[in-house]
Amino acid sequence: MKHWMFCCKDVSQKFSESMDRKLPLDDRIFIRFHQLMCRYCSRFRRQLLLLRELSRSDNIAGMPQDFSAGLSLEARERIKASLKA
Amino acid sequence: MENASLLNPDVWVDQYGDILFRFALQRIGDTGIAEELVQETFLAAMRAKDRFKGQSSEKTWLFGILKHKIVDHYRRRKYDHLDMNVENFSETTDKFFSDNGKWRIQPTSWNINPVEAHEQREFMDAFYQCLSQMPQRLADAFVYREVDGLSTEEIRKVMDITASNCWVMLYRARMLLRRCIETNWTQT
């Protein structure tokens with residue numbers, strides 16, 4: 001298929017694939033061009049990247065104060081005991 | 001290899017227990033369950049510690065295990081009956097597009113700041129609930145790729161699939177997860 005014929009369905013598939021392997025340069029250029037022109041594909045791109053960022057994040061900063069507590073002493077001892085069992 | 005010398009269960013609880021607990025509590029919202037998941041994480045890590053290759057830090061490795069446990073928890077809790085099979089799932093992705101390939105179900109705007117997204121309980125709740133609703137193999141592929149950061153080649157070997165199958169499964173997983181979050185997350 002010619003690049004200029006890429007529709008939203010093709011672009012969504014190609015963009016997802018680009019997150020898993022490096023696509024040829026011309027594919028990347030036409031996908032990006034389509035995404036710049038199409039607000040729905042642009043949203044789709046941003047949202048998939050957000051899902052990746054959230055999936056990989058271990059960030060717990062900014063939680064409410066009541067989340068600042070850690071394991072209770074009892075839980076800590078119980079877990080340590082289970083690891084030695 | 002960060003902290004590799006500390007790959008020792010005896011010091012895990014003191015070093016990582018609190019941060020894993022807070023992460024689980026933020027996702028689950030129940031102290032008792034969060035403690036259980038942390039305990040399961042440490043036990044699973046201890047069983048698998050010989051396979052820890054040091055490609056990631058010890059902390060990242062433990063977080064990866066905890067995230068699997070959180071997904072398992074949501075799946076166990078109440079979403080088993082919604083599991084779909086993979087064969088039917090191509091129809092599920094096709095429905096997003098019209099015959100000419102344009103969006104039929106258009107992605108809506110998400111009113112969320114990526115920097116703050118992980119702090120938004122409602123969003124992350126929808127994220128984990130939706131992940132737990134997906135067909136098991138699609139969810140597995142997604143978690144291997146996006147949570148664990150495995151390469152296509154590694155996933156291909158673990159799941160015994162071809163590379164092109166892997167890309168298709170990841171596409172379907174992302175489509176389903178994105179749409180499910182959009183449908184179930186109540187934006188504030």
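Chain identifiers are assigned alphabetically (A, B, ...) following the order of the sequence lines, protein sequences preceding nucleic acid strands; residue numbering begins at 1 within each chain. Everything numeric in this text was worked out from a predicted model, so none of it was measured.
Annotation: side chain of A:Leu83 is not in contact with side chain of B:Gln39 (no heavy-atom distance under 4.5 Å). Using a 4.5 Å heavy-atom threshold, the side chains of A:Asp10 and B:Phe97 count as separate. No side-chain heavy atom of B:Phe96 sits under 4.5 Å from any side-chain heavy atom of A:Cys8. Side-chain contact between A:Met19 and B:Arg145: absent, with no pair of heavy atoms (C-beta onward) separated by less than 4.5 Å. Proximity of B:Phe127 to A:Leu51: side-chain heavy atoms (C-beta onward) are separated by under 4.5 Å at one or more points. Contact annotation: the side chain of B:Glu35 approaches that of A:Arg78 to within less than 4.5 Å [non-hydrogen atoms, C-beta and beyond]. Annotation: side chain of A:Ser82 is in contact with side chain of B:Leu43 (closest heavy-atom distance under 4.5 Å).
Proximity of a side-chain donor or acceptor of B:Lys67 to a complementary backbone N or O of A:Ser55 within less than 3.5 Å is detected.
Criterion: ILVMFWY side-chain heavy atoms under 4.5 Å apart, direct or through other members. Under it, B:Leu66 and B:Leu62 are part of a common hydrophobic cluster. Following chains of ILVMFWY side-chain contacts shorter than 4.5 Å, one cannot reach A:Leu48 starting from B:Leu170, and the two form parts of different hydrophobic clusters. In the hydrophobic cluster analysis, where Ile, Leu, Val, Met, Phe, Trp and Tyr join through side-chain heavy atoms closer than 4.5 angstrom, B:Val158 is grouped together with B:Ile161. Linking ILVMFWY side-chain heavy atoms closer than 4.5 Å, directly or via other members, places B:Val71 and B:Trp61 in a single hydrophobic cluster. A single hydrophobic cluster is seen to contain both A:Ile79 and B:Phe23, as judged by linkage of ILVMFWY side chains at heavy-atom distances under 4.5 Å, directly or through other members.
Taking CZ from A:Phe44 and CZ from B:Arg174, the interatomic distance works out to 8.5 Å, rounded to the nearest 0.5 Å. In this structure, CD1 in B:Ile105 is found 13.0 Å from OH in A:Tyr40, a value given to the nearest 0.5 Å. The CZ atom of A:Arg21 lies 13.5 Å from the OG atom of B:Ser151; values are rounded to the nearest 0.5 Å. Annotation: the span from B:Phe123 atom CZ to A:Leu50 atom CG amounts to 5.0 Å, rounded to 0.5 Å. A distance of 10.5 Å separates CD of A:Gln47 from CZ of B:Arg179, quoted to the nearest 0.5 Å. Of the inter-residue distances, the one linking B:Met175 atom CE with A:Ser16 atom OG reads 9.0 Å to the nearest 0.5 angstrom.
Under the 6.0 Å distance and 45° angle rule, A:Arg43 does not count as a cation-pi partner of B:Trp110.
Across all their heavy atoms, B:Asn100 and A:Cys7 have their closest contact at O-CB, 3.8 Å. Heavy atoms only, all atoms of each residue included: B:Asp18 and A:Leu71 are closest at OD1-N, 2.8 Å.
Neither the backbone nor the side chain of B:Ile155 has a heavy atom closer than 4.5 Å to any heavy atom of chain A. Both the backbone and the side chain of B:Phe42 come within less than 4.5 Å of a heavy atom in chain A.
Contact tally against chain A (heavy-atom pairs below 4.5 Å) for B:Gly149, B:Ser98, B:Pro107: the top residue is B:Pro107. Of the listed residues B:Ile181, B:Leu131, B:Thr31, B:Asp14, the one with more heavy-atom pairs under 4.5 angstrom with chain A than any other is B:Asp14.
In this structure, the salt bridge (Lys or Arg N to Asp or Glu O under 4.0 Å) partners of A:Lys9, at least two apart in sequence or on a different chain, are B:Asp94.
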